[in-house]
**Q** 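Below you will find the structure I want to go over with you.
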Amino acid sequence: MRQATVYIDRKALQYNLNRVKQLAPKSKIVSMVKANAYGHGVENCLDALAQSDAFGVACMQEALQLRELGCEKPITLIEGVFSAVEMDLAIAHNLEVVVHQQQQVDWLMAHQQAYNAKQLKVWVKLNSGMNRLGFKVAEIIDVIQQLKSAGFECVLAMHFANADADHALNDQQIKQFLAVKQACAPILASCCNSAAIYRWPELHFDYVRPGIMLYGASPFADRDVQQLDLQPVMTFEAAIMALNHIQAGECVGYGSTFQATDAMDIAVVSIGYGDGYPRAYLEPNSVFVAGIQRPLVGRVSMDMMAIDVTGLDIQLGEKVELWGKQRRVDDVARSNGTIGYELLCRLSQRPKRIIDQN
Ligand SMILES: Cc1ncc(COP(=O)(O)O)c(C=O)c1O
């Protein structure tokens, strides 16, 4: 049996959820479980996230999966519905929708009674400068007034483009959000993702929407999970499947990109990009084997990669931590020119998932 395993530590997930509660004690928590709970498997995470007030997903399929798993909490479709038919489904399954464009408002208005009868809230999205989704300031006040007059309970929602960094746009986004909030008062409000939860306690308002911090990875380039007091939830492991001794001048892997300058011991590890491990590292990349950090050598292939184990006394079958509590996913991401979010989300189905056993 192939040794490529993803361990999910649900205690760590609970720990991180409690961190959100500590940081935003007055706000309701909408735990973001889109993209299969950031690659952790939503079915593995729901129980540990039971103290959340609500869940956030990107699309109808994800919401329906939560309902099939028995989740009865409020669920927000953060991109709203994509058709009038989906609006019927949303109501049937008690899903709260975001509206970010007029067509969605029209679909909602056509379902005014049924939606309001279920006391579902409408999340009205402000485009304050990220220019992905939402109504601009000039439009949103009318939209909200129209919805309120039709009896809808609204949540003013916004998403930061640069919550993880100092950027001139932050000020603009905050000013616009506060201005709309004031103009539409009273209104519920939500604008904080993980980075914003840490940065702007004064903006927590009624709902915070943590994602990456729940899974124990950092939303910041310059603050690691230890500094943020978060615990990695996922440990990704593989095992050594072959050991080779090579001489100076010999090469390893496709493209022969690595050439040994001295004799060395190479371990072949049962992991590759077919499992979701990134192929093309830009900076030196490493794993932990027997508690020791060792570098990758040569290219990562679909099912295998090689590491330098020179000087280590290790055997076939030895476990290798690709990321987890020793080698942080954020550091692997940095070596590969990406972010932890992407590595977590793009794991393939091939590694088996095991809960609470590592
Ligand atoms: C609207 C919205 N809110 C919250 C989040 C959670 O963000 P993070 O994972 O950075 O906490 C996301 C994620 O992309 C999002 O799109």
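All ligand and atom numbering here is 1-based and tracks the order in the structure. Heads up: numbering here begins at 1 and tracks the sequence.
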**Q** Using modelled atom types and a 3.5 Å cut-off, is there a donor and acceptor pairing between side-chain atoms of Glu62 and backbone atoms of Ala58?
**A**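 Flag set: sc Glu62 to bb Ala58 pair under 3.5 Å.
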**Q** Can you name the atoms of ligand 1, numbered from 1 with element, that are less than 4.0 Å from a heavy atom of Tyr38?
**A**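 Going through ligand 1 atom by atom, the ones under 4.0 Å from Tyr38 are 6 (C), 7 (O), 8 (P), 9 (O), 13 (C).
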**Q** How far is atom 10 (O) of ligand 1 from its nearest protein heavy atom, and which residue and atom name does that atom have?
**A**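 Minimum-distance protein heavy atom for atom 10 (O) of ligand 1 reads Tyr341 OH, 2.6 Å.
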**Q** For Tyr277 and Asn285: C-alpha separation, side-chain torsions, deciding distance, then whether side-chain hydrogen bond (donor to acceptor under 3.5 Å, both in side chains) applies.
**A** CA-CA 12 Å; Tyr277 194 84; Asn285 193 6; 3.0 Å; yes
**Q** At under 4.0 Å between heavy atoms, which part of Met213 makes contact with ligand 1: side chain, backbone, both or neither?
**A**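 For Met213, no heavy atom sits under 4.0 Å from ligand 1.
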**Q** Return a yes/no value for Pro219: is any of its N or O atoms, backbone included, closer than 3.5 angstrom to an N or O of ligand 1?
**A**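 No; the residue has no nitrogen or oxygen that sits under 3.5 Å from a nitrogen or oxygen of the ligand.
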**Q** Quick one: look at Ser194 and ligand 1, take heavy-atom pairs under 4.0 Å, and tell me if it's side chain, backbone, both or neither.
**A**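 Both backbone and side chain.
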**Q** Using the side-chain contact (heavy atoms from CB on, under 4.5 Å) rule, take Leu243 and Asp265 through it: C-alpha gap first, then chi angles, then the decisive distance, then the call.
**A** CA-CA 7 Å; Leu243 288 162; Asp265 294 319; over 6 Å; no
**Q** Looking only at protein heavy atoms, which one is nearest to atom 7 (O) of ligand 1, and how far off is it?
**A**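 Nearest neighbour among protein heavy atoms for atom 7 (O) of ligand 1, to 0.1 Å: Asn193 CB, 3.4 Å.
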**Q** Quick check: does any side chain N or O of Asn36 sit under 3.5 Å from a backbone N or O of Val42, one acting as donor and the other as acceptor?
**A**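 Between the backbone of Val42 and the side chain of Asn36 there is a qualifying donor-acceptor contact (under 3.5 Å).
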**Q** Using a strict 4.0 Å threshold on nitrogen-to-oxygen distance, state whether Asp164 and Arg199 make a salt bridge.
**A**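 Not counted as a salt bridge, because no side-chain N and carboxylate O are separated by less than 4.0 Å.
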**Q** Given 3.5 Å as the limit, does a donor-acceptor pair link the side chain of Asn127 with the main chain of Phe135, or not?
**A**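 Not confirmed, Asn127 side chain does not pair with Phe135 backbone.
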**Q** Give the contacting part of His159 toward ligand 1: side chain, backbone, both or neither, where contact means a heavy-atom distance below 4.0 Å.
**A**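 The part of His159 near ligand 1 is the side chain, not the backbone.
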**Q** Any idea which of Met158, Arg209, Lys34, Met32 brings a heavy atom closest to atom 16 (O) of ligand 1?
**A**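 Selected option, by shortest heavy-atom distance: Lys34.
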**Q** Please state which part of Ile78 comes within less than 4.0 Å of ligand 1, counting heavy atoms only: side chain, backbone, both or neither.
**A**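 The part of Ile78 near ligand 1 is the side chain, not the backbone.
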**Q** N/O of Lys125 under 3.5 Å from N/O of ligand 1, yes or no?
**A**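 No; every N/O pair is 3.5 Å or more apart.
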**Q** Between the main-chain N or O of Phe288 and the side-chain N or O of Gln326, is there a donor-acceptor pair closer than 3.5 Å?
**A**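 Not a single qualifying donor-acceptor pair exists.
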